[in-house]
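Worksheet for the structure shown next.
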Amino acid sequence: MAPETSSPAAAARWLARNAVDSLPAGGLQRKLEEAARERRPLRAKLGIDPTAPDIHLGFTVVLGKLREFQDLGHTVVLIIGDYTARVGDPSGRSSTRPILSGEQIDANARTFQQQAMKVLDPDRLEVRRNGEWLEMPTEDLFRLVRSTTVARIMERDDFVKRTAARAPISLLELLYPLLQGYDSVAVDADVELGGTDQKFNLLLGRDIQSAYGKPEQVILTMPILPGIDGERKMSKSFGNYIGVTEPAEEIYGKTLRLPDEAMGSWYDLLLGEPLPPDANPRDAKRALARRLVARFHDERAAEAAEQAFDRIHREHRPPEEMPDARLEANGDGAVHLPALLASTFGVSSSEARRLLKQGGVKLDGTPLAAEPLDRPASELDGRVLQLGKRRFARLRGD
RNA sequence: GGGCGGAUGUCCGAGUGGUUAAAGGAGACGGGCUGUAAACCCGUUGGCUAUGCCUACGCAGGUUCGAAUCCUGCUCCGCCCA
């Protein structure tokens, strides 16, 4: 696509086209005009807490928008929340979220940065860590905290709901938006991006900047990408995500599991184009899956992933490549099936027995009878063990 | 500081002395159908060296033939008053 972005007004329209909110009204255009007048790039900020090691597709929606800013010549400031991660955000119901170690955070920060490069242009990127400025004397923290009120913080939708539901809210959580807002002060953000769930925090950032005598940022919020269940937002904790570093076959297979209803959102948010109205849903989904694999791997991998998928699920043949599983026979040369399944596929032996009873275990494509549980190793050697539809291993003697 | 209420399996949520490994729902998993979509149907859903054994209802003790259920202490959480 070749957007028309020659004037600030046109550029603002282009950037905001698939955003949910662009606030304040006209603010983005004014920022762009200002940048053009002063012949400087805008500083577009995004903060992330490296609490989990991988970036998933939901996150790339916002990254993709940042990339558009870069393509227009602006600078992206990626803030790695190393300090905030260390403090441990007790968001949501799980107040038990473990506080990560320094090494863990550093490792996550590195992979995050690396993965973000799959979308961002490294030449127009500035990466900062908020430990640089958040490690501040209490006196300074108090100054920051004075910049807003409890009532203002409690406006946030999430807090209102949790108060109503009598769910706990830690004081630290109340402080979180302030820390995030201070990041904007520290990096002189012109624009801050986030998902719609970030709207409150992004807006509060404006207040904080203003309290520090800085120009207020404008904000752009992007729709939340539904996860592969098509229901809830894509999130690690729901297990409905696709990580950008996942193997090609995984990205492909998970994409095909997406409910049809969610395909439109994925097209809009991930491909940046609408779902063709008269497309056959199956073909559209396969095309989507191929393009996502191609983006995070390459064309060849996309092709191979599709072939592997068809082989397993359409032709019901085992994949060409699969891990080996070592057969461990006892003294009588027999192999205990539950133990074999447990060690090969990481299920418990109780679960393995249940799956056997349910006909979920196959040997060379034929369901394995639940009895007997001990089989001669010679009967298994060299054959393909299958659990459910998609877990395979080739059995090997010694 | 005072008063009241609460803590149950992956999650939500029943259960107030006896087939309770713990109703129901969600999720997940297996099978069927299919486009590994959805919908729908059937089944499973603590662990193990497995016709038995072990562990489980916030933690630690106690009462009892027997406790998630009763008692004591503790921890954590919510609400109200101050």
Side-chain angles (χ1 to χ4, degrees), chain A residues 90 92-97 159-173 226-242 249-267 275 279-290 292-293 305-319 328-332 334-343 345-363 365-374 385-392:
Chain A
R93 306 156 297 266
S94 58
S95 49
T96 51
R97 181 178 291 177
F159 293 151
V160 173
K161 282 187 185 137
R162 281 158 69 189
T163 303
R166 303 191 162 183
I169 301 172
S170 86
L171 198 49
L172 182 61
E173 284 179 82
I228 49 184
D229 55 8
E231 302 265 324
R232 298 171 295 179
K233 69 169 185 176
M234 183 173 286
S235 151
K236 240 146 236 158
S237 43
F238 294 147
N240 61 358
Y241 70 97
I242 298 180
E249 298 77 44
E250 285 296 310
I251 295 180
Y252 190 91
K254 283 183 175 181
T255 303
L256 280 203
R257 262 190 294 190
L258 182 73
D260 291 358
E261 298 73 54
M263 244 203 300
S265 307
W266 280 42
Y267 262 78
L275 174 67
N280 172 321
R282 189 198 54 208
D283 296 336
K285 204 177 289 177
R286 285 168 69 92
L288 172 66
R290 275 197 307 275
L292 290 177
V293 174
E306 184 161 273
Q307 278 169 17
F309 180 88
D310 286 346
R311 184 185 167 99
I312 296 170
H313 297 288
R314 287 187 147 178
E315 300 158 28
H316 301 291
R317 290 191 296 147
E328 304 216 15
N330 61 22
D332 304 330
V335 173
H336 191 57
L337 251 29
L340 175 66
L341 289 162
S343 66
F345 299 113
V347 296
S348 71
S349 84
S350 301
E351 193 177 356
R353 286 165 190 253
R354 281 183 228 122
L355 290 166
L356 274 165
K357 280 198 192 109
Q358 296 182 92
V361 181
K362 291 177 183 155
L363 196 63
T366 312
L368 210 45
E371 301 285 337
L373 288 174
D374 292 293
L385 183 68
Q386 178 180 358
L387 185 65
K389 290 190 171 98
R390 46 194 295 270
R391 282 176 280 183
F392 296 88

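Lettering follows sequence order; numbering is per chain, from 1. Keep in mind that the numbers below use all heavy atoms, side chains included, and drop hydrogens, waters and symmetry copies.
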Do any pairs count as a side chain to side chain donor-acceptor pair (under 3.5 Å) and have a residue in residues 345-354 of chain A, sequence neighbours left out, and if so which ones?
none

Atom-pair distance (CG on A:N280; P on B:A37), nearest Å:
14 Å

What does A:R232 touch in the nucleic acid at a heavy-atom separation under 4.0 angstrom: a base, only the sugar-phosphate, or nothing?
nothing

Those residues at least two apart in sequence (or on a different chain) that pass side chain to side chain donor-acceptor pair (under 3.5 Å) with A:Q358 are none

Those residues that, when tested against A:P367, pass side chain to side chain contact (heavy atoms under 4.5 Å, CB included) (two or more places apart)
A:K362

How long is the gap from CG on A:L340 to CZ on A:F345, to the nearest 0.5 Å?
7.5 Å

Set of residues satisfying salt bridge (Lys or Arg N to Asp or Glu O under 4.0 Å) with respect to A:E231, sequence neighbours excluded
none

Check the distance between B:A37's P and A:E231's CD and give it to me in whole angstrom.
15 Å

Under 4.0 Å between any heavy atoms, over every strand shown, what does A:G253 touch: base, sugar-phosphate, or nothing? Just pick one.
base

Could you work out the separation of B:U8 and B:G2 based on their P atoms and round it to a whole Å?
26 Å

Gap in Å between the two C1' atoms, one belonging to B:C80 and one to B:A26, rounded
33 Å

Please measure how far the P atom in B:C74 lies from the corresponding atom in B:A28, and state the result in whole Å.
43 Å

Under the criterion salt bridge (charged side-chain N to carboxylate O under 4.0 Å, His left out), I'd like the reasoning laid out for A:R390 against A:E250: C-alpha separation, chi angles, the key distance, then a yes or no.
CA-CA 11 Å; A:R390 46 194 295 270; A:E250 285 296 310; 3.0 Å; yes

List for me each residue that meets salt bridge (Lys or Arg N to Asp or Glu O under 4.0 Å) alongside A:D229, sequence neighbours excluded, and say none if there are none.
A:R232

In chain order, what residues pass the side chain to side chain contact (heavy atoms under 4.5 Å, CB included) check against A:D283, with sequence neighbours excluded?
A:N280

Assign each of A:P281 and A:V361 to its nearest nucleotide of RNA chain B by heavy atoms, then name whichever residue's nucleotide is nearer the 5' end.
A:V361

In whole angstrom, give the distance that lies between atom CG of A:L368 and atom P of B:G31.
13 Å

Mind calculating the distance between OH (A:Y267) and P (B:A37) to the nearest angstrom?
18 Å

Rounded P spacing from B:A14 to B:G31 in Å
34 Å

Report which part of the nucleic acid A:K357 touches: base, sugar-phosphate, or nothing (heavy-atom distance under 4.0 Å, all strands).
nothing

Donor-acceptor contacts under 3.5 Å from residues 253-266 of chain A side chains, at least two apart:
{"from": "A:K254", "atom 1": "NZ", "to": "A:Y241", "atom 2": "O", "distance (Å)": "3.2"}
{"from": "A:K254", "atom 1": "NZ", "to": "A:E246", "atom 2": "OE1", "distance (Å)": "3.0"}
{"from": "A:K254", "atom 1": "NZ", "to": "A:E246", "atom 2": "OE2", "distance (Å)": "3.2"}
{"from": "A:T255", "atom 1": "OG1", "to": "A:I251", "atom 2": "O", "distance (Å)": "2.6"}
{"from": "A:D260", "atom 1": "OD1", "to": "A:K285", "atom 2": "NZ", "distance (Å)": "2.7"}
{"from": "A:W266", "atom 1": "NE1", "to": "A:P226", "atom 2": "O", "distance (Å)": "3.0"}

When the C1' atoms of B:U10 and B:A56 are compared, how many Å lie between them, rounded to an integer?
15 Å

Closest heavy-atom pair, A:L337 versus A:P372, reported as atoms and distance to 0.1 Å, is CD2-O, 4.0 Å

Using atom CE of A:M263 as one end and atom P of B:A37 as the other, report the distance to the nearest whole Å.
13 Å

Measuring only the C1' atom in each nucleotide, how far is B:U20 from B:A68? A whole number of Å is fine.
9 Å

Rounded distance in Å - CZ (A:R391) to C1' (B:G31):
14 Å

Counting side-chain heavy atoms from C-beta on, which of B:G35, B:G30, B:U34 comes nearest to A:L355?
B:G30

Quick one: pull up CG in A:L341 and CG in A:L373 and give me the separation to the nearest 0.5 Å.
10.0 Å

Decide yes or no, distance alone: a donor-acceptor N/O pair under 3.5 angstrom between the base of B:G35 and the side-chain of A:D260.
yes

Expressed as a whole number of Å, how far does the P atom of B:G9 sit from that of B:G46?
13 Å

When rounded to whole Å, the CD1 to P distance for the pair A:I228 and B:A38 reads 11 Å

Work out how far the P atom of B:C53 is from that of B:G61, and round it to whole angstrom.
24 Å

For A:R314 and B:A37, what is the distance between atoms CZ and P respectively, to the nearest whole Å?
12 Å

The correct list of stems in which RNA chain B takes part (3 or more consecutive Watson-Crick or G-U pairs, distances under 3.5 Å) is B:1-7 with B:75-81, B:10-12 with B:24-26, B:27-32 with B:40-45, B:46-48 with B:52-54, B:58-62 with B:70-74

Report, as a single string ordered 5' to 3', how protein heavy atoms within less than 4.0 Å touch nucleotides 40-49 of chain B: B base, S sugar-phosphate only, - not at all.
---BSS-SBS

